[in-house]
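Here the structure comes first, spelled out in structure tokens, and everything after it is commentary.
Convention: sequence-line order gives letters A, B, ...; per-chain numbering from 1.
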There are 2 protein chains.
Amino acid sequence: MKLPVSTEWLLHCATSLAQLKPGDTASAAQLAQYYDLPAAYLAKQLQALVRAGVLSATTGPRGGFRLARPASEITLLQIVEAVDGTSSPYECREIRQQGRGALSPDECRNPCILAEKMAEAHEAWRLSLAATSLAEIIAALPPSAPPRTRRRLTGAP
Amino acid sequence: MKLPVSTEWLLHCATSLAQLKPGDTASAAQLAQYYDLPAAYLAKQLQALVRAGVLSATTGPRGGFRLARPASEITLLQIVEAVDGTSSPYECREIRQQGRGALSPDECRNPCILAEKMAEAHEAWRLSLAATSLAEIIAALPPSAPPRTRRRLTGAP
DNA sequence: GTTCGGGTACTCGGATAGAAGGTGTCCGAGTGAATGAGG
DNA sequence: CCTCATTCACTCGGACACCTTCTATCCGAGTACCCGAAC
């Protein structure tokens with residue numbers, strides 16, 4: 001069970017975008033320089049956040065990415081699931097219905113207990129991530145962080 | 001983020017082994033037939049549970065696998081982590097210290113907040129899985145299940 | 001001075017190769033039990 | 001009938017290919033801005 005490395009990238013990028021002034025954008029190239037990441041691949045992953053409705057993209061000069069909604073309404077879960085998908089890591093393939101020990105369809109009316117327990121754990125994970133919004137992450141940073149982030153993102157010395 | 005398919009196999013196999021009479025064993029071939037799984041690969045994964053101390057293996061005729069401890073002391077988490085490893089799915093590579101926006105080592109004295117939140121979610125997942133033991137899984141089955149499982153595992157008609 | 005048109009440079013977006021880890025398979029080393037002969 | 005050495009079949013354990021997914025890269029389509037000329 002491994003999350004893509006790009007998960008970290010996008011969590012940090014979203015945090016950076018949340019520190020911009022409303023209406024401002026940052027391009028994929030700027031974000032890539034800010035964190036020293038492969039620009040093309042980062043752009044590809046940012047598109048996933050656009051498709052998920054977390055970011056909105058503008059083309060052309062002075063274009064780039066910005067948050068599609070207020071930072072207080074974007075949770076860590078939404079970002080992670082935009083990158084990695086929403087499916088559960090445990091996929092029940094109903095092996096209890098196969099082989100010599102196969103259960104009758106009648107005995108499988110209620111779902112597999114093991115699958116239920118795994119789903120509960122996944123739900124606990126999701127709830128934990130959904131409990132934190134980007135706004136709370138920003139609030140935990142020192143007050144000097146946002147201006148500095150803006151400065152360094154735009155490339156100003 | 002995807003768990004190996006073999007996770008389901010081993011959760012079910014451990015459940016089956018927990019239904020044996022104390023001291024009895026089941027071979028990898030028997031378990032594979034019971035669930036219609038590739039026997040060689042299942043054996044390879046069962047070894048992982050042996051290395052983790054969840055199962056114990058006996059070679060030679062009438063040998064096989066059995067629980068290394070009482071079912072009440074084996075949690076779902078121990079089985080899952082034996083298969084998939086104990087590392088967190090989110091790996092913080094400290095990209096905040098790289099690139100144009102790199103933070104000074106002094107500002108990185110306390111760990112990255114995002115990494116902390118991701119670790120909290122993983123811990124919630126682990127706690128949820130650790131809360132259920134194999135004994136509780138068995139207790140939820142109908143009383144007729146264990147004898148039937150034993151019969152079908154050994155190949156008796 | 002204002003307005004309009006074209007050019008340009010910059011942006012995202014999707015289609016295309018390479019690498020890592022899970023999946024599946026194979027064969028060898030070791031062991032405990034069953035067997036047969038001998039006492 | 002009991003004992004013991006031998007054989008054997010069965011078990012696990014580790015080493016070797018294949019395939020899906022993540023990683024990385026490239027180039028094309030579209031667009032907002034900037035500049036120049038005309039009014």
Side-chain angles (χ1 to χ4, degrees), chain A residues 1-10 13 17 23-33 35-66 68 80 82-85 87 89-91 93 95 153-155, chain B residues 1-10 13 17 23-33 35-52 54-66 68 80-85 87 89-91 93 95 153-155:
Chain A
M1 189 171 54
K2 210 179 55 175
L3 281 169
V5 178
S6 47
T7 308
E8 181 183 7
W9 304 358
L10 293 183
C13 285
L17 290 175
D24 276 6
T25 63
S27 70
Q30 287 175 326
L31 289 167
Q33 280 202 351
Y35 290 114
D36 191 23
L37 302 175
Y41 186 41
L42 176 63
K44 180 176 176 53
Q45 304 294 4
L46 285 166
Q47 294 168 23
L49 288 205
V50 173
R51 279 193 295 272
V54 175
L55 302 184
S56 74
T58 328
T59 65
R62 317 259 316 161
F65 297 91
R66 98 195 77 201
V80 171
V83 181
D84 192 57
S87 59
Y90 180 84
E91 186 183 355
R93 301 195 180 181
I95 65 171
L153 254 182
T154 56
Chain B
M1 189 171 55
K2 211 176 57 175
L3 281 169
V5 178
S6 45
T7 308
E8 181 183 7
W9 304 357
L10 292 183
C13 284
L17 290 175
D24 276 8
T25 64
S27 70
Q30 287 174 326
L31 288 167
Q33 281 202 350
Y35 290 114
D36 191 22
L37 301 175
Y41 186 40
L42 176 64
K44 180 177 175 56
Q45 305 294 5
L46 285 166
Q47 293 168 24
L49 287 204
V50 173
R51 279 192 295 269
V54 175
L55 302 184
S56 73
T58 328
T59 63
R62 316 263 311 165
F65 297 92
R66 97 194 78 200
V80 171
E81 289 197 333
V83 180
D84 193 55
S87 59
Y90 180 84
E91 185 183 356
R93 300 194 180 181
I95 66 171
L153 255 181
T154 57

Measure from the side chain of [X], starting at C-beta and using heavy atoms only, and say which of [options] lies closest.
X: A:Pro61; options: D:dA9, D:dA32, D:dG13; result: D:dA32
X: B:Ala28; options: C:dT25, D:dT25, D:dC12; result: D:dC12
X: B:Thr59; options: D:dC26, C:dG13, D:dC12; result: D:dC12

Side-chain donor or acceptor of [X] paired with backbone N/O of [Y] under 3.5 Å:
X: A:Thr25; Y: A:Gly63; answer: yes
X: A:Asp84; Y: B:Met1; answer: yes
X: A:Ser6; Y: A:Trp9; answer: no

Check the distance between [N]'s [atom2] and [X]'s [atom1] and give it to me in whole angstrom.
X: A:Gln47; N: D:dG28; atom1: CD; atom2: P; result: 17 Å
X: A:Phe65; N: C:dC10; atom1: CZ; atom2: C1'; result: 13 Å
X: B:Leu42; N: C:dG22; atom1: CG; atom2: C1'; result: 15 Å
X: A:Leu55; N: C:dG13; atom1: CG; atom2: P; result: 10 Å
X: B:Arg62; N: D:dC10; atom1: CZ; atom2: C1'; result: 12 Å
X: A:Leu17; N: C:dC12; atom1: CG; atom2: P; result: 11 Å

Does any part of the side chain of [Y], heavy atoms only, come nearer than 4.5 Å to the side chain of [X], both counted from C-beta?
X: A:Thr7; Y: A:Val80; result: yes
X: B:Val50; Y: B:Leu46; result: no
X: A:Val54; Y: A:Leu10; result: no

If you compare all heavy atoms of A:Ala82 against all heavy atoms of A:Ala48, which two are closest, and at what distance to 0.1 Å? O-CB, 3.8 Å

Within the pair B:Arg66 and D:dC12, is there a side-chain N or O less than 4.0 Å away from OP1 or OP2? no

Once each nucleotide of nucleotides 17-23 of chain D is scored for protein heavy atoms under 4.0 Å, what B/S/- sequence comes out, 5' to 3'? ----S-B

Counting any heavy atom closer than 4.0 Å, what does B:Ala43 reach on the DNA or RNA strands: base, sugar-phosphate only, or nothing? nothing

Earlier contact from the 5' end, DNA chain C, for A:Ala40 and A:Gly60: A:Gly60

